[in-house]
Structures are given as C-alpha cells and as structure tokens.
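Below: the structure, in structure tokens.
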Protein chains: 2
Amino acid sequence: MLNEWLNAPVQEASNLHVKKAKQRQDSLTKPAGSLGRMEALAIRLAALQATERPAVERVTIAIFAADHGVAAAGVSAFPQEVTGQMVANFSAGGAAISVLAKSLDAQLEVINVGTLHDPGPLPGVRDCRIAAGTANFQQQDAMTEQQLAAALLAGRESVERANTAGTQLYIGGEMGIGNTTSAAAIAAELLMMEPEMVVGPGTGLDQEGISKKTEVIRQALSRYQQLDKKPLELLRCVGGFEIAALTGAYIAAAQQGLPILVDGYICSVAALIAVNLQPKIKPWLFYAHRSAEPGHRYVLASLDAQPLFDFGMRLGEGSGAATAVPLLRLACDLHNNMATFAEAGVSDQ
Amino acid sequence: MLNEWLNAPVQEASNLHVKKAKQRQDSLTKPAGSLGRMEALAIRLAALQATERPAVERVTIAIFAADHGVAAAGVSAFPQEVTGQMVANFSAGGAAISVLAKSLDAQLEVINVGTLHDPGPLPGVRDCRIAAGTANFQQQDAMTEQQLAAALLAGRESVERANTAGTQLYIGGEMGIGNTTSAAAIAAELLMMEPEMVVGPGTGLDQEGISKKTEVIRQALSRYQQLDKKPLELLRCVGGFEIAALTGAYIAAAQQGLPILVDGYICSVAALIAVNLQPKIKPWLFYAHRSAEPGHRYVLASLDAQPLFDFGMRLGEGSGAATAVPLLRLACDLHNNMATFAEAGVSDQ
C-alpha cells in the first residue's frame, strides 16, 4: 500500500527515565514542584530521549512551503505569489523564522513541496515540488493519491535528515497562501464542527472575507459528505502539500524517537490528522503556543494540548514553536545543572 | 527626609521611538500584527530605551536575601537556616537562579540584606546585612525607620551598579524563609482583601499551616488598623529587608531609565508598593509570569499586569523572570533583524 509506512510502530517513552528524572527533580535545591511546568518539561524530555540528561541544544526547523489552488477563490489577504517570495526571503535570512533560527543556533531547512512558480535554485531551499500548487478544492480534489504520498514522504525524509544530523528536537513550519482555508476545512470535518467555528482571518481577512472563506469550505465539505471520512482521504481532498508533509513528518519523528514541538494552527491541524492516524504519537508532541486564529483552541483541546504561552501570534513559519525553544532549553539546564540538597548542604523540608 | 529620593522624578518613555518602532514592525515581512505580543514587547523596549534597536543582551539579576522574625511563628515549610544556606548555594552556582543566570549569560549579584547568621565572605555575595533578620511582626514592627531606609537604599545601590555596568534589563529576585507571609500581609492591606484570599502554601505548607499563617497575618494587621496606612509604613511594620530592597530597586531603575522584569509573588508585592509610592514607574515594569501562589493573580490584576506565561512556578529567586528573558531577546531580534517588504521584494497586503 502506498502509505503503509505510516502504520509502522512508534517509539515508546522510557518509564525508567520518567522515574529517575522525577527523583532527581525532587532532590534539587528548591521546594518540590516549585519550578512547575519547567520540571514537567524536563521529565518528559528525559523520558522521550531515554536519558538522565535531556537536551534540546540541537534543533531542526523544517519549513514546508506550497501553494493552494483554493487561493483563486480569494480566501487570503495576500496575493498567491507571496508564497514563492517568502521562500526566497527564508533563503536570504530576512523572514521571522530565519531570524529566530539564527538566534537559536537552530538548523533551518526549507522544503519547497509545491510553490506555483519554480523559484529556481536558492541556498538552503530543497526543491521537492510535487506540483505547481494543489488543485482548487472548490472544483476537484486538492491532490491525487500519488501527490499525497509524495507530500507525506517529503515530511518523513526531512525527519530522517534531522535524525541523521543528531537533532534533539524537531520543529515543522509552513508557508502557503491559502493554507488556513485548508486547515479550517480539515478541522471542521475532524472535529465535527460548523466551519464558521474554525475559520478565522488568517493573514488578515475582514469579516466579508471570512464569510466568503467559510462558504468556500462549506461547499467543498458538502461534496465529501457521501465519501469515506478517513483523515488521509480528507487530507487529500482539501489539504495542502505542506500540511501533508507536516503530517508525515510528525508520524516519522515519533517512529524515529524524535521529540516534536508543534507550532500554530496549520501545524496543529497536521498533528490532529497524524494523531487520528497514529494515536500513539501523542507523547512525542509538545505544543508551543495558542495562536490568535480562533479555531486553534478547538484543535488544541481535541489534542489535549497544553500550549506553553498565548502571545496572539499568527504568522506560521514555525515562529511560535521557535520562540518556545529557549523555555525547553532552560528546563533542561535546570534539571541537569542544579545542585541537590545533599551536594549543596541545604536542609530539606 | 530619610527616603526623599523615592520621590525624585522617573524617566519617561520616548513617544518618538514608539512611533518609529510601530512603523518598522508594520514594514517587516509578515502580516501586520502577526507576531502578537512579540511585537508589543519590542515596541515597548524601544520606547523605554529610546532607541530604534532595542536590546536586552546585558541583563542583571540581583537577588536580595534576608531572614524574617515571623518565621518563628512556624509559617514556613522550611527551617529558617535555609535562607543562609541558599545564599551559599547561589554563590556556589547550584541554585536555580545560578543555573539560569549562567545559561542566559546574565550578571548575577547576591545581596545579603539581613540573614539571621553571618555566612562570612562568599564569592559573588555582597554583605549588606542590616540586621540578623527582621523583628517578628507578631510582636513588634519588623523594621526601624533606619533599617527600612537602609533596605530601600540597598536596592537603589544595586540598580546603580547595574546601570554603570551598562545593563539593559534589571531583574530583582528574593530569598527569605517566611517572606510570603510578609508579602501576603502587605497585599491584603494594599488590596483591601481578606488575608485568606492572598495567603498560600509558599514553599509547601499544608492546609493547617496556611490557616496558621493567615491567623498570624490577621492578628498583625489588626495592630495597624489605627495607624497611618501609607505603603512605606506598612512595609516597615510587616515587610522584609529584601522586599524593601526590591521596592527601592524598582523605583531607582525607573528613575535611571532601566527596564525592569518582575518575577513572582514577592517581587510583585514590592512592585505594588513601588507603584503606590510612584505611579509613574508603571511603564518600566514588565511582568514575567503568574506564579502558583494564589494571591499573585490579585496583585497582578491590581497592577494591570499581563504576565507572559503561567507555568505554576513558585520558587522565587527571580527564576520566573529569568525564564522569560529569552522571549524578550527574541522579540528584539525579530524587530531588529527581519527584512522589510521592500528589502525582501515581497508583495504587501
């Protein structure tokens, strides 16, 4: 079967290391539990990395970029050429995620899974164009089965490169004008919610634009009412190449034992599909933030996700996840480097 | 007058730089406003630092340590000697704040404003012991007027050292067994709330301990019902040397034009006193987090504070504020280093 690899088993967290990490946290010079979520983050990373000294120094940020046929319906505040222009901006170092990756000393890879125009060779950009954007899902399925398989695989291959390079934390990001429309269509269907509950302004639509976007989604989903509702089929019909790549990446990362930090709305929808396909990947997914896109809260709730912060961010590109990286790093530093009561000669409770 | 310097004028933020920073944010390659609070943080720092390129690379973390006579009432889960032991742990590098300061490459200074026992000379610890702890405010005023003045001044002197060293962000922290009792007493009085609303477990009291702590506060405050309710007098009667030092530091930092990142419950209570004394310092105060100590939310609300995250931290030492530093740094990096639409050749909305 085309996507059989998605069903391969997922790594398991180490219960032994959960126990050891908890013991260590309780021995450190602080009232037990007084570092709150910083303790929980370190314990969870220790379990996932099966180590007594968790670390997220080596971080990979992989941005998947693709265009969306549905952009023709006027569902975005920005013109479609911006997707390709932003790929060039990622390469040149001027985008938010470029700046963040540099500040964090993270590995940034940009994977072009299908911009409308071929931007030609660009430093740091991998050409994996599956097609010149998806088809407009108002009229036809966004992808063929072969295209969906290729996009899922592009995600897995990114994780394989990251894993080979010794990455300790994997962040997926996305760029694609029109992709909140795809994400909202998937969220509405998987969460069984009315589209207006999960549709938002994206890059900056006004109320009229949001209404139009909602109507586009409603019409498209009505075409699939009679069809098989499997998540993968939904992804093929109304998804995007970058969303499919993220889905593949999340499943592959859990299969390969690599912790994942999930970004905002689009990435959380990809995680929702991935968790629907493989519920056992859940422990591998950390959630960075709650975005300003109104549907995000429902997707997060459905995933039992507890994001670290809510800054009203809504840029994508993995920018929210990148912002959260230092919090995980400091959690590891505290866990690894604080003195115990015995070492410091401090009286315990 | 003894504390006349507290009334000296506070620096003002630059409206010109607010405007310039907003213009720059709107020119960067992202939908306007899509970085949410990261944009607001950068704009505010630019205004306070009166610069087009805000930065918080050089950070000072000053920990004020002192003992509390009221600890004799059994209001803490830890024995009183822990204050002095933790001062030694700060010096040796084993405490949470030591680890965080090192990870952040921040300047850590520890100011002993009054531990019960003299720990002797310790590397990185400044001996400013005002007394061997405050008096037990169950029976008498915690401090004399001279002691209060000395504690306030210890805070100002720390800020002067930081400012001379070129610090771009000042963090105050505290260590003092019994100091949530002082803080709760001050909060109850200034917020005009019943003590049980602002008393919490501190380092780990059980329900019985919390009830006892509440009763201690209630009895002490009843002694002051007939007295002058000025914040400074309240600080003298039920406060602590480290809380007074933080109050002095916050006012001095605003006077000297140094942005402040406030930590948890104790520090926010010091900020509450400082804002009561000098309302114009408000723009200089950033709030890092909401702590697990239940009274913190009321203090924050009274200060119109919007903390950056809520991780259930309750350690003190400035640890929550230190954890937030990378968020401010990344906000500055994004503001300073992203490309504009024009520079990157990306189409605007």
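Every chain is numbered from 1 and lettered A, B, ... according to where its sequence line falls, protein lines coming before strand lines.
Your options are D310(A), L330(A), L104(A), and the one with the most heavy-atom pairs under 4.5 Å with chain B is L330(A). With chain B as the partner, the residue from M313(A), R314(A), E317(A) showing the most heavy-atom pairs under 4.5 Å is R314(A). Top candidate by heavy-atom pairs under 4.5 Å with chain A, chosen from N337(B), L41(B), N336(B), V99(B), is V99(B). Here S34(B) is the residue among G33(B), S34(B), A339(B), G202(B) with the most heavy-atom pairs under 4.5 Å with chain A. Here R37(A) is the residue among M38(A), R37(A), K30(A) with the most heavy-atom pairs under 4.5 Å with chain B.
In this structure, the separation between CG on L308(B) and CG on L308(A) is 13.0 Å, given to the nearest 0.5 Å. In this structure, L100(A) CG and L334(B) CG are separated by 4.5 Å, a value rounded to the nearest 0.5 Å.
F78(B) has its side chain out of reach of S347(A): every pair of non-hydrogen atoms, C-beta onward, lies at least 4.5 Å apart. Residues S103(A) and R329(B) have side chains not in contact (no heavy-atom distance under 4.5 Å, counting atoms from C-beta outward). Looking at F311(B) and L35(A), their side chains never come closer than 4.5 Å, going by heavy atoms from C-beta outward.
Remark: Q23(B) CD is packed, more than 12 non-hydrogen atoms of other residues, nucleotides or ligands lying under 6.0 Å away. The number of heavy-atom neighbours closer than 6.0 Å to CD of Q306(A), taken from other residues, nucleotides and ligands shown, is 12 or below. With a 6.0 Å radius and a threshold of 12 heavy atoms from other residues, nucleotides or ligands, D206(A) has its CG atom above the threshold. Within a 6.0 Å radius of CD in E57(B), other residues, nucleotides and ligands contribute more than 12 heavy atoms.
A96(A) touches chain B through backbone and side chain together, each having a heavy atom under 4.5 Å away. Only the side chain of L327(A) comes within less than 4.5 Å of a heavy atom of chain B; its backbone N, CA, C and O stay farther away. Proximity to chain B (any heavy atom under 4.5 Å) is restricted, for A322(A), to the backbone atoms N, CA, C and O. If you measure heavy-atom distances from D333(B) to chain A, the contacts under 4.5 Å come from both the backbone and the side chain. With a 4.5 angstrom heavy-atom cutoff, L28(A) does not touch chain B via any of its atoms.
The nearest pair of heavy atoms linking L315(A) to P31(B) is CD1-CD, 3.6 Å.
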